Amino acid sequence: MRWSVGHTLVIVESPTKARTIRGFLPKDFKVEASMGHVRDLPNNASEIPAAHKGEKWANLGVNTANAFEPLYVVPKDKKKVVKELKDALKGADQLLLATDEDREGESISWHLLQLLSPKVPVKRMVFHEITKEAIGRALEQTRELDMELVHAQETRRILDRLVGYTLSPLLWKKVAWGLSAGRVQSVAVRLLVQRERARRAFKSGSYWDLKARLEQAGGGFEAKLTHLKGERIAGGSDFDESTGALKASSKVKLLSEAEAKALQAQLQAAPWSVAEVEEKPTVRKPVPPFTTSTLQQEANRKLRLSARDTMRTAQGLYERGFITYMRTDSVHLSDQAINAARSCVSAKYGKDYLSPAPRQFSTKARNAQEAHEAIRPAGEAFRTPNETGLKDKDLALYELIWKRTVASQMADARLTMLSVELKSGDASFRASGKRIDFAGFFRAYVEGSDDPDAALEGQEVLLPALKVGDSPACKAVEALGHQTQPPARYSEAALVKMLEKEGIGRPSTYASIIGTIVDRGYATLANNALTPSFTAFAVTALLEEHFPDLVDTSFTARMENTLDEISHGQVQWLPYLESFYKGEKGLETQVQQREGDIDPGVSRTVELEGLPCVVRIGRFGAYLETKRVADDGTEELLKATLPQEITPADLDADKAELILRQKADGPESLGEDPETGDQVYLLFGQYGPYVQRGQVSDETPKPKRASLPKGVKPEELSLEDALGLLRLPRHLGEHPDGGKIEAGLGRFGPYVVHHKGKGEKDYRSLKAEDDVLMVGLSRAVELLAMPKKGRGGRTALKELGTPEGADEAIQLFDGPYGLYVKQGKVNASLPEGTTADTITLEQAVELLAAKAATGKAKGRKPAAAAAKKPAAKKPAAAKTAAAKTAAAKKPTTTKTGRLRASAVRVIKAADR
């Protein structure tokens, strides 16, 4: 693109941000996007410049012998972007670097400055919201690049690379190929492992108590047994988690089942009286507006969004001008924001609900930095959620931010806590309640809790009017048995909260860290709980024994504090890197000295108390290993694969013995298939339990198999259910538009599919409440009518159609970087000026074909491209000649070279 002479060039990170900001700038300002970072340390061997290929430090990307000089390269997919930016700079009389205002944004601006080498004046333009007023102020208040922020970010980048690229190869040799270690990642994994160890060591205790249902003047209420003959009744907190027995210091009465039921019968007809009534007024104040961390926590609790989804959605909202910058530790609100929030309160709830004076909050987070204002709706006047035109996740997250910000300027909630003590014979009961006298900020927002059983703060629990001496009628007494529960696994919200509390890492990186932990197989995320794998146990044990500082929360927090001091100019970055990496106690020396001491056989073994075997980490996952006496009297090793769904805390002696016995003796039959006469077996494989009809034989090398759907317990599986799974897919009937509908079970779980004809199929996953063996035609039609969701759970804006000769339809989505079309695994962004209303199927076909031609698309070329222009067949001789020519031109790659390139690709996940 050619620019006119005399323009001002503004560079931002993303096309969406560029489109939004363009509307607020003068006509002679041109806005271009860098598409994120334009330069970085090499991610694989192919990116290392030829001049450095032979250097020992080249794969590390940091010359530790020369003042830790980083080797920055322009990735292949950014070379075109850099060229376009250089072309745009030609003829410009000013360059404004308008990347985000945090450390990473400062670093991107510095890299742009280094690459573009502008001959015109350069200024840094910063803003924390994209509105006309904010952009106007930013233009008037440009500044120089902050090199202390740049040094802080570059030091973090180098430090993360040193840790990740030094430790990760050690883990490959000693535990398993493809693993990664990271400065923050490994500490987070250890937190998960420590919690899982606590769950495994936990011993459950049992206790009984009573609950009475009473009535006074027509009003019902419940009361719980607290004392018997003056002695307090035992509760869950009185038990020792390591023994399952009462704590030695607990002076309580432990009711047995028999005692509880005898007391129940005794109290059922006994008289009751009110012994004491207490009313305690209290006040609840609103919580501060969102920071990055609290937004991730609350979005996970209330919207069930992952940290990664939350940040992706928030970034899209920021770049389109809906909210302020989403990477911040500050809870401060500007005067403009406070006025806007108070206006919303007056308009929606009335002046009675305004706080008497504007509220301002102080930041308590350790090492608070980044942007200078909390996350809030953008602008001098806040748009209500209904006025935004947003949908789905965007709307839900904006509404959460709007409510929390508005609530921060609302009046306190006034409550009265109610407590009533009741007597019946020798037993004392207590009834508790809560009356909301003035809702205040509860009208707009009530903070969520990590405890799913906790009552919401804004939820009233009313008791009838009671006074001392009243005799309420007893309607029922119930004896209740309880089991103490192990500590809960971390949810994403709870892990983010813990990381921030301990001062580990930066909140802006938590989303990518949690994503890496899951992606690298250190944990699985199911039912909003992070469950560490056996690999996580093995790696954590190795690091704890040989590199304890690197997984110690206090050490990592001190490291984080030092990095923040570097950003403030209080600590010099180079001496810090020297002391961390070099010398007798430096990481490089520690790894070299320890490597020979680490026995791979030991480091690949996970020993869990109470098992008749050990768990080992193999090439294909975890497996059980034990010694047994063979039929000939000799001792032999018995190995059995562990299903992926079995976690360290869930593996007990019974499960281990079942898996080992099945491996040694063969599977037990569930029964006979009446149609074929074959036995039906339940087996355990790497990917979990499955059923199989018949045995493997020369005649039947691949007998029919079917995985158990999620939630189906192997011990509860019946022959009827097993036969149903083996007979999938089920024919459900005809679709109203024609074509058959089936229900089946695939690699991503149970589904229904509509066969539209000519090979075109339309799939929908079944919901949690649907049973693949029971789902009917009407439900299948209902599911198929729902909009199909794309990657990341996005719902397509619309379907453009299926090109002639293609199997898959082309859909239009709105992503964090703007509108794009998708077919199969190929995405293509819409060019500027093309909208959701104007894009046509033909244009989409061309865009996808162009994307496929660049070679950037993953997977196969889209069917659209194939359908557009069928390739002419080459004669056999021509094919052979072409193949020989290609083979002659293709550079040879040794196995070692392939491994090295692969190795660097693997450990780039360790960058934090």
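FYI, side chains are in, hydrogens and waters are out, and symmetry mates aren't considered; it's all heavy atoms of this structure. On a predicted model such as this, the values are computed, not experimentally measured, just so you know.
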*Parallel, tilted or perpendicular: ring planes of His735 versus His754, cut at 30 and 60 degrees*: parallel

*asked:* Between Ser180 and Gln185, does the side-chain hydrogen bond (donor to acceptor under 3.5 Å, both in side chains) criterion hold? Intermediate values first, please.
replied: CA-CA 9 Å; Ser180 66; Gln185 170 195 317; 3.1 Å; yes

*Side-chain heavy atoms of Lys702 within contact of Val696, under 4.5 Å*: no

*Test side-chain hydrogen bond (donor to acceptor under 3.5 Å, both in side chains) applied to Gln483 and Ser206, step by step*: CA-CA 5 Å; Gln483 293 280 3; Ser206 61; 4.7 Å; no

*Contact check, side chains of Gln823 and Pro803, non-hydrogen atoms, under 4.5 Å*: yes

*Between the main-chain N or O of Gln695 and the side-chain N or O of Gln679, is there a donor-acceptor pair closer than 3.5 Å?*
no

*So, does Arg730 use its side chain to make a donor-acceptor pair with the main chain of Val772 at under 3.5 Å?*
yes

*When you measure from the side chain of Thr641 to the backbone N and O of Phe684, does any donor-acceptor pair fall under 3.5 Å?*
no

*So, does Glu241 use its side chain to make a donor-acceptor pair with the main chain of Phe202 at under 3.5 Å?*
no

*Within a reach of under 6.0 Å around CE of Met774, are more than 12 heavy atoms found that belong to other residues, nucleotides or ligands?*
no

*Apply salt bridge (charged side-chain N to carboxylate O under 4.0 Å, His left out) to the pair Glu734 and Lys740, showing each step before the final yes or no.*
CA-CA 4 Å; Glu734 294 294 311; Lys740 67 179 180 179; over 6 Å; no

*Start with the C-alpha gap between Asp673 and Leu726, add the side-chain angles, then the distance that decides, and say whether side-chain contact (heavy atoms from CB on, under 4.5 Å) holds.*
CA-CA 10 Å; Asp673 184 343; Leu726 290 166; 5.7 Å; no

_Check this for me: Lys663, atom NZ, are more than 12 non-hydrogen atoms of other residues, nucleotides or ligands nearer than 6.0 Å?_
no

*Any salt bridge between Lys173 and Glu595, counting N to O under 4.0 Å?*
yes

*Do Arg764 side-chain atoms and Ala780 backbone N/O form a donor-acceptor pair below 3.5 Å?*
no

_Using a 3.5 Å distance criterion without hydrogens, assess whether the side chain of Ser204 forms a donor-acceptor pair with backbone atoms of Thr484._
yes

*asked:* Can you list everything that forms a ring-ring contact (aromatic ring centres under 6.0 Å, His included) with Tyr751? Sequence neighbours excluded, please.
replied: Tyr763

*Between Glu742, Glu720, Glu675, which is the residue that forms a salt bridge (charged side-chain N to carboxylate O under 4.0 Å, His left out) with Arg727?*
Glu675

_For Pro703, is there any backbone N or O sitting under 3.5 Å from a side-chain donor or acceptor partner on Thr700?_
no

*Output yes when a side-chain donor or acceptor of Ser603 lies under 3.5 Å from a complementary backbone atom of Lys174, and no otherwise.*
yes

*Do any N or O atoms from the side chain of Arg304 and from the backbone of Asn300 form a donor-acceptor pair under 3.5 angstrom?*
yes

*May I ask you to check whether Thr647 and Asp650 show a side-chain donor-acceptor distance below 3.5 Å?*
yes

*Between Arg190 and Thr540, does a side-chain hydrogen bond (donor to acceptor under 3.5 Å, both in side chains) hold up when you go through it step by step?*
CA-CA 6 Å; Arg190 186 182 182 224; Thr540 297; over 6 Å; no

*Between Arg604 (side chain) and Ala538 (backbone), is there a donor-acceptor pair under 3.5 Å?*
no

_Considering all heavy atoms, the nearest Leu725-Ser707 contact_ = CD1-O, 4.1 Å

*Taking atom CG of Asp597 as the centre, report whether more than 12 heavy atoms of other residues, nucleotides or ligands fall under 6.0 Å from it.*
yes

*Residues, nucleotides or ligands: over 12 heavy atoms within 6.0 Å of Glu607 CD*: no

*Within 45° of the ring axis of Tyr490 and under 6.0 Å from its six-membered ring centre, is that where the NZ or CZ of Arg195 lies?*
yes

